[in-house]
Amino acid sequence: MTLIRLTELSKVYNREVQPVLALKNINLKIEPGELLAIMGPSGSGKSTLMHILGCLDTPSRGQYFLEDKDISSLSRDDLARIRNEKIGFVFQQFFLLPRLNALENVELPLLYTKLGTAARRQRVREVMARLGLSGREHHLPAQLSGGQQQRVAIARALINDPLLLLTDEPTGNLDTATSLEIMAIFQELNTDRGLTIVLVTHDPEMAGFTQRQLSIRDGEIIADHHSRAES
């Protein structure tokens, strides 16, 4: 089963005033287990595409199929449920709540589930340990390095065992060595767990860690290149 299928998908902003065509008739398939980079300059439409893939926005025209289900015109509540159950997000800015410790930040998505406190905390500790964060559970974000904060953000994105991980410039605020560590985590998640990962980036070096690179410009896919990712 194809995980994601976009058919003649377009996105128009400010339709009533001065229309801006952010995406133009996008056709795209993403298979389960792919590690894919979406590349393009600022204003190319790559972030709009990620927002639609992540059910944070809806297309103006065309269809978005997730696991062969058309979700293009679902209600906000239904899209929110899909985001919480099936999609994890990692952003450049981390978006950790400063007054919550690392464990509490990772736990947040589980508060919308039926799991009890003990089961939630057990799952959080397991995921944090997998990402090398044992011993950091009670640190506030300000007490963590940039790389540790991003690991906490990744743990939070993984806590509901998503089908799809969407990452938007996840190494943009990190130094080179830490960036390579984060990309190695994504590769491991993809290789060992078969997690489908979409990386939005403008950095060719980071894109080089993926098996497939899409280039987008002026709202259109202009290249779709498959390569062997570095290890």
Side-chain angles (χ1 to χ4, degrees), residues 3-4 30 32-36 47 49-58 64 66-67 69 71 74-174 182 185-186 188-190 192-200:
L3 180 63
I4 287 172
I30 299 176
E34 284 201 69
L35 176 55
L36 166 72
S47 292
L49 180 56
M50 194 201 78
H51 289 162
I52 291 176
L53 291 176
C55 299
L56 296 167
D57 203 351
T58 54
Y64 173 14
L66 181 63
E67 294 187 298
K69 179 180 180 181
I71 64 170
L74 292 182
S75 69
R76 289 185 178 182
D77 288 344
D78 286 337
L79 291 175
R81 178 181 54 78
I82 290 172
R83 285 197 304 271
N84 195 52
E85 294 177 358
K86 297 181 181 291
I87 304 173
F89 297 90
V90 179
F91 297 98
Q92 178 177 348
Q93 301 295 335
F94 314 142
F95 294 122
L96 302 178
L97 297 183
R99 295 188 180 182
L100 298 185
N101 63 33
L103 185 149
E104 292 165 335
N105 268 284
V106 175
E107 184 184 27
L108 281 173
L110 293 179
L111 299 179
Y112 299 95
T113 71
K114 296 180 180 179
L115 285 178
T117 301
R120 290 200 310 267
R121 294 295 170 91
Q122 177 65 23
R123 183 181 295 187
V124 169
R125 291 181 186 278
E126 289 173 357
V127 173
M128 292 185 71
R130 195 183 308 150
L131 290 171
L133 289 167
S134 294
R136 298 288 187 271
E137 293 89 349
H138 300 292
H139 287 61
L140 295 173
Q143 298 171 317
L144 300 172
S145 69
Q148 289 170 339
Q149 289 184 63
Q150 192 61 294
R151 286 171 185 258
V152 172
I154 294 170
R156 181 183 58 194
L158 296 175
I159 198 65
N160 275 338
D161 196 20
L163 290 172
L164 174 67
L165 183 65
L166 296 175
T167 70
D168 190 2
E169 301 285 2
T171 62
N173 284 338
L174 305 176
I182 295 301
I185 289 172
F186 291 146
E188 182 178 357
L189 290 169
N190 174 254
D192 295 351
R193 295 184 51 194
L195 182 61
T196 306
I197 302 176
V198 176
L199 167 73
V200 174

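It should be emphasised that the depicted structure is a prediction, and the values quoted were computed from it without experimental measurement.
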Does Arg123 come within less than 4.0 Å of Asp161, counting only side-chain N to carboxylate O? no
I need the [X] [atom1] to [Y] [atom2] distance, nearest 0.5 Å.
X      : Y      : atom1 : atom2 : result
Leu133 : Met128 : CG    : CE    : 4.5 Å
Leu164 : Glu67  : CG    : CD    : 10.0 Å
Glu104 : Leu111 : CD    : CG    : 9.5 Å
Ser145 : Gln150 : OG    : CD    : 10.5 Å
Glu107 : Arg125 : CD    : CZ    : 10.0 Å
Glu188 : Leu195 : CD    : CG    : 11.5 Å

Checking the side chain of [X] only, and the main-chain atoms of [Y] only, is there a donor and an acceptor separated by less than 3.5 Å?
X      : Y      : value
Asp57  : His51  : no
Ser75  : Asp78  : yes
Arg156 : Asn105 : no

Pair Thr167-Val198, side-chain contact (heavy atoms from CB on, under 4.5 Å): steps then yes or no: CA-CA 6 Å; Thr167 70; Val198 176; over 6 Å; no
Indicate the atoms forming the closest heavy-atom contact of [X] with [Y], along with that distance.
X      : Y      : value
Val90  : Ala157 : CG2-CB, 3.8 Å
Pro141 : Pro98  : CD-O, 3.7 Å
Met50  : Asp168 : SD-CB, 3.5 Å
Pro170 : Val200 : CD-O, 4.1 Å
Leu144 : Gln149 : O-NE2, 3.3 Å
Phe186 : Ile197 : O-CD1, 3.3 Å

Does any non-hydrogen side-chain atom of [Y] lie less than 4.5 Å from one of [X]?
X      : Y      : result
Leu79  : Thr58  : yes
Leu53  : Ile87  : no
Arg151 : Ile182 : yes
Leu66  : Ile4   : yes

When Ile159 is tested against each of Val127, Leu108, Thr113 for side-chain contact (heavy atoms from CB on, under 4.5 Å), which residue passes? Val127
Parallel, tilted or perpendicular, judged at 30° and 60°: which one describes the rings of Phe89 and Phe91? parallel
Val152 vs Arg136, test: side-chain contact (heavy atoms from CB on, under 4.5 Å). Steps then yes/no. CA-CA 9 Å; Val152 172; Arg136 298 288 187 271; over 6 Å; no
